[in-house]
Amino acid sequence: MYFFMLLLVGVVLCILFPYGPIIVGGVVFAVVIDQYRQTIYMREDIQAIKNHLKLMTKEESEDYEADQAYKDIDRISSERMEVINRKIEAELERDSKNRKT
């Protein structure tokens with residue numbers, strides 16, 4: 001029903017205005033992007049529920065935890081990020097020294 005109303009409005013705009021197809025294209029693009037965004041949010045919610053109820057396989061659970069850790073990086077303070085970066089740099093230096101010897 002929603003799509004048919006949008007289609008009807010699009011046809012009317014295409015007939016009445018010279019820039020109607022551009023407007024209709026923009027509206028259709030916005031609707032598609034909004035639907036995609038809503039689908040992504042629902043998918044994330046379903047994954048969170050599956051993880052909470054322990055319904056994920058081990059591989060799915062590991063992927064979910066990695067995604068959550070990646071998203072949580074944005075919330076880390078700059079001081080904590082500096083500490084993490086120093087640890088990573090020290091580990092990389094140890095690895096490069098081990099490869100040389």
Side-chain angles (χ1 to χ4, degrees):
M1 182 69 181
Y2 181 67
F3 181 73
F4 291 119
M5 289 180 64
L6 184 64
L7 183 65
L8 181 64
V9 169
V11 169
V12 170
L13 282 176
C14 288
I15 292 172
L16 295 179
F17 298 108
Y19 297 109
I22 296 172
I23 294 170
V24 170
V27 169
V28 168
F29 179 75
V31 168
V32 168
I33 295 299
D34 185 51
Q35 286 297 109
Y36 176 75
R37 188 178 51 83
Q38 288 178 359
T39 303
I40 293 297
Y41 288 147
M42 284 190 290
R43 183 178 177 272
E44 289 174 357
D45 290 342
I46 290 170
Q47 283 183 336
I49 291 167
K50 283 175 68 176
N51 187 46
H52 179 73
L53 296 175
K54 308 290 188 224
L55 297 175
M56 289 184 165
T57 63
K58 185 177 181 180
E59 184 176 296
E60 288 176 333
S61 180
E62 289 173 357
D63 289 342
Y64 176 76
E65 295 299 327
D67 287 342
Q68 288 302 106
Y70 181 73
K71 288 178 184 176
D72 289 341
I73 287 176
D74 291 336
R75 298 182 193 130
I76 295 176
S77 66
S78 60
E79 295 85 18
R80 177 79 176 129
M81 187 61 83
E82 288 178 21
V83 170
I84 292 171
N85 286 337
R86 283 190 211 122
K87 287 180 183 178
I88 292 171
E89 288 173 1
E91 185 177 326
L92 289 173
E93 287 177 7
R94 279 195 310 263
D95 288 344
S96 66
K97 288 179 183 178
N98 289 339
R99 287 184 184 170
K100 290 180 181 178
T101 57

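Distance check: Ile46 CD1 to Thr39 OG1 gives 9.5 Å after rounding to the nearest 0.5 Å. Rounding to the nearest 0.5 Å places CE of Met81 at 8.5 Å from CD1 of Ile88. Rounding to the nearest 0.5 Å places CG of Asn51 at 9.0 Å from CD of Gln47.
Ile40 and Tyr70 fall into different hydrophobic clusters, defined by Ile, Leu, Val, Met, Phe, Trp and Tyr side-chain heavy atoms under 4.5 Å apart, directly or through other members. One hydrophobic cluster, built from ILVMFWY side chains closer than 4.5 Å, holds both Val31 and Val12. The hydrophobic cluster containing Val27 also contains Leu16, counting ILVMFWY residues as joined when their side-chain heavy atoms lie under 4.5 angstrom apart, directly or transitively.
Other residues, nucleotides and ligands place more than 12 heavy atoms under 6.0 Å from the CD atom of Gln38. Summarising the local packing, CZ of Arg37 is surrounded by more than 12 heavy atoms from other residues, nucleotides or ligands at distances under 6.0 Å.
Side-chain N or O atoms of Asn98 include one that pairs as donor or acceptor with a backbone N or O of Arg94 at under 3.5 Å.
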Could you check Glu93 against Lys97 for salt bridge (charged side-chain N to carboxylate O under 4.0 Å, His left out), going step by step and ending with a plain yes or no?
CA-CA 6 Å; Glu93 287 177 7; Lys97 288 179 183 178; 5.2 Å; no
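Between Glu91 and Lys87, none of the side-chain N atoms (NZ, or NE/NH1/NH2) sits under 4.0 Å from a carboxylate O, so this pair counts as no salt bridge.
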